[in-house]
There are 2 protein chains.
Amino acid sequence: MITIKDVAREAGVSVATVSRVLNENGYVGEETKKKVQKAMNTLNYSPNEVARSLYKRESKLIGLLLPDITNPFFPQLARGIEDTVNQSGYRLLLGNSDEELEKELDYIQTFVQNNVVGMISATNHVDQNIYDALQIPLVLLDRTTDQYPSVYSDGREGGRLAARTLIEKGAKRITLMKGPAHVKPAQDRFKGAVDVLSETDIDFSVLATTSYSFEDAKGWAEELFQKYPNTDGVIASNDIVGIAIIHEALRLGKRIPEDLQIIGYDDIPQSSLSYPPLSTIRQPAYEMGQAAAELLLQTIKKEPGVETTIEMPVEFIERDTTRKE
Amino acid sequence: MITIKDVAREAGVSVATVSRVLNENGYVGEETKKKVQKAMNTLNYSPNEVARSLYKRESKLIGLLLPDITNPFFPQLARGIEDTVNQSGYRLLLGNSDEELEKELDYIQTFVQNNVVGMISATNHVDQNIYDALQIPLVLLDRTTDQYPSVYSDGREGGRLAARTLIEKGAKRITLMKGPAHVKPAQDRFKGAVDVLSETDIDFSVLATTSYSFEDAKGWAEELFQKYPNTDGVIASNDIVGIAIIHEALRLGKRIPEDLQIIGYDDIPQSSLSYPPLSTIRQPAYEMGQAAAELLLQTIKKEPGVETTIEMPVEFIERDTTRKE
DNA sequence: TTGAAAGCGTTACCAA
DNA sequence: TTGGTAACGCTTTCAA
């Protein structure tokens, strides 16, 4: 390993001087600077971030905690974050929590132990004061409270929008899928939909689902039609489930959207590839990731006047599982 | 920040002793040990990994380089890796290369600068000797050469299997999609399919695609039917494209699998949710991740007799885009 | 404008 | 069985 000492020796100066040209601070003569840079090049030197981090008590690492990157919504978030923090030279330490408190705690500890400059967390356990003692900039993403800077999309409005749209388009017997109880955004959109449905004379039923996974999606779809065979409008808990429902409905010989309308949630990339393409409520995942990263970066730089809460808009994407008229 | 010094003071011993109980090596009296552990608990101490890493010249971090986590094949790989390295206390530094050499180099530098114990890379640039100078255990994943320990699935056989299956099931005018030229596994499966097709009297055409992205998938599907409207069997470059083709075929009024059979590649989770469910060649992504992680762990521990190359089997998953009998 | 040296939090060697 | 201390690679203060 090439260290700053090697460079200093090669250039015939002290390590202090090398450090100065490395960090572009302090006085360094033009001549010396060139000598040092030349030495760095010939030795192909690159500074040890660990040593830097130890001294500064701060690394160039950012901790990212996600529920499960296998759920297609999260990779987009992650890319939004990665692409923007990279521009400032930061890198990501990634953890999947599987919504488990213990894993979350473990990862937080890892982040702290590695002197991350900041963390971004999409978690359900904020209320448990896990993050309070930490002296590290934190941005909450997707899952939110008002205790910390947060970026989220307007789930309540998303739910309302889904319900309103379905009603407008003539659904009469709506089934509303409720996502996992411990997942806050799932509850928001659920409540939003209930808000709207309650104000109408339309019949609706609620089907509780307790996971978002691919494996289970098919099961929820089957359960849906067993319990509510006559439903003509479904508000799915997310796109994955929405796609599973399309599938099951087609299998049962229902025509979409004539007999049955479906609205998904998220607008994951594959939802435009379903057949028929899934109408859905879009959350701008990549942009949310970007926004969270920017917020974190600002907090790290202690920029003043940082908006501490950013609500991203939600949008109805009309495709072919809802009626046109 | 609580340091080892604080613990030492609290317990009334030296830092050396604390370090010994921390690492469970060296002699420590029972009594002393208890005192120290108590002090650690009351102070809620957890060791600074950065300092450790500096001294040991080795962190508990593993660098993971993926092309793009937004492609559903990779999150599975990543989870397989994460879940297994976590068991040994390692954490992941994640980078997406977008198949760009420069990003790849940047991430490798980051990994080195952070003293990672090892790296796992799914990359196309091995041949450029990027990794040669590194004195860090490396496992190649999915994209492979024989210069390094690798885990990959048998792409050649996958291609053959796809072609054989389609022929068996009666396709007469096969279209073979060729993935991006610089992506090695894509070429393997392509060659495998050509191997088989060339030996038969069946007509086939080749459609070159230059990306795997969702956005482009629809375009490839349209191009396919413009150029080869009469094809009755498609070997898609991956499941995403496969699903896009289903979609386009249905839009054009083709019956699947009667008029057109389709075989995908990868078996990403959403391929069972397409309509009709996509028949495909499965790569065991999660298991590949596990295997790569285990290989890396063994290399790190310098375990003897490590198989340096692991070829994972590929499998035809029969669903509804191929004919039954 | 430069260099010497202390210090960041650990570990491991050597001495006691 | 324990403690003192050098060392890991770097940054920064202080003095020259």
Side-chain angles (χ1 to χ4, degrees), chain A residues 1-37 39-40 43-61 89 109-117 135-136, chain B residues 1-37 39-40 43-61 89 109-117 135-136:
Chain A
M1 172 187 253
I2 308 290
T3 75
I4 200 172
K5 273 189 195 166
D6 301 316
V7 178
R9 190 178 321 115
E10 172 83 15
V13 299
S14 75
V15 295
T17 303
V18 177
S19 175
R20 280 188 205 103
V21 346
L22 204 53
N23 298 285
E24 298 179 315
N25 60 15
Y27 297 97
V28 184
E30 264 315 307
E31 274 307 284
T32 333
K33 190 171 170 184
K34 274 191 194 127
K35 271 195 305 186
V36 172
Q37 284 168 334
M40 293 206 233
L43 294 181
N44 198 247
Y45 169 74
S46 104
N48 181 321
E49 281 300 332
V50 175
R52 281 184 157 175
S53 166
L54 180 60
Y55 185 88
K56 301 246 205 118
R57 299 158 136 160
E58 191 176 285
S59 69
K60 296 293 273 180
L61 266 22
Q109 196 187 42
T110 297
F111 295 164
V112 172
Q113 291 181 311
N114 283 282
N115 288 1
V116 297
V117 260
Q135 277 313 62
I136 300 176
Chain B
M1 174 187 255
I2 310 289
T3 76
I4 201 172
K5 274 189 194 166
D6 301 315
V7 178
R9 193 179 317 116
E10 172 82 15
V13 299
S14 75
V15 295
T17 303
V18 177
S19 176
R20 280 186 210 105
V21 347
L22 204 54
N23 298 285
E24 298 178 315
N25 60 14
Y27 298 97
V28 185
E30 265 313 309
E31 277 305 285
T32 332
K33 190 172 171 184
K34 276 192 192 125
K35 273 196 304 187
V36 172
Q37 283 168 334
M40 293 206 235
L43 294 180
N44 198 248
Y45 168 75
S46 105
N48 182 320
E49 282 299 334
V50 175
R52 283 185 157 175
S53 167
L54 179 60
Y55 185 87
K56 301 245 203 123
R57 297 159 137 168
E58 190 175 286
S59 70
K60 296 292 273 180
L61 267 21
Q109 195 186 37
T110 296
F111 295 163
V112 172
Q113 290 181 311
N114 284 281
N115 288 2
V116 298
V117 260
Q135 276 313 61
I136 300 177

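Here the structure is a predicted model, which means the values were calculated and not measured. Numbered from 1 within each chain, the chains take letters A, B, ... in sequence-line order. Below, each value reflects all heavy atoms present in this structure, side chains not excepted, and no hydrogens, waters or symmetry copies.
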Which is the 5'-most and which the 3'-most nucleotide of DNA chain C that has an atom under 4.0 Å from a heavy atom of chain A? C/dT1 to C/dG9

To the nearest 10°, give me the bend of the helix from C/dT1-D/dA16 to C/dA16-D/dT1, comparing the axes of its five terminal pairs at either end. 50°

Could you work out, with side chain to side chain contact (heavy atoms under 4.5 Å, CB included) as the rule, every residue matching B/Ile136, not counting sequence neighbours? B/Val112, B/Val116, B/Met119

Quick one: are B/Leu61 and B/Phe111 in side-chain contact, heavy atoms under 4.5 Å? no

What nucleic acid atoms does A/Val50 come within less than 4.0 Å of, heavy atoms only: base, sugar-phosphate, or nothing? nothing

Side chain to side chain contact (heavy atoms under 4.5 Å, CB included) partners of B/Gln113, counting only residues at least two apart: A/Ser46, A/Pro47, A/Glu49, B/Gln109

Which pairs count as salt bridge (charged side-chain N to carboxylate O under 4.0 Å, His left out) when at least one residue sits in residues 26-35 of chain A, sequence neighbours excluded? none

What string of B, S and - do you get for nucleotides 10-16 of chain D, 5' to 3', if B is base contact, S is sugar-phosphate-only contact and - is no contact with any protein heavy atom under 4.0 Å? SBBB---

5′-ward residue of the pair B/Ser14/B/Leu54 relative to DNA chain D: B/Ser14

Atom of A/Val7, atom of A/Met40 and distance for their closest heavy-atom approach: CG1-CG, 3.7 Å

Closest heavy-atom contact between A/Ser59 and A/Val117? O-CG1, 3.4 Å

Want to settle it: does A/Met1 or B/Lys33 sit nearer the 5' end of DNA chain D, counting the closest nucleotide to each? B/Lys33

I'd like to check the salt bridge (Lys or Arg N to Asp or Glu O under 4.0 Å) partners of B/Arg9; sequence neighbours left out, ordered by chain and number. B/Asp6

A/Arg20: partners by salt bridge (Lys or Arg N to Asp or Glu O under 4.0 Å), with sequence neighbours left out: none

Could you pull out all residues at least two apart from B/Asn114 that satisfy side-chain hydrogen bond (donor to acceptor under 3.5 Å, both in side chains)? none

If you look only at distance, which donor and acceptor atoms sit under 3.5 Å apart when one is on a side chain in residues 21-29 of chain B and the other is two or more places apart or in another chain?
residue : atom : partner : partner atom : Å
B/Asn23 : ND2  : B/Ser19 : O            : 2.8
B/Asn23 : ND2  : B/Ser19 : OG           : 3.4

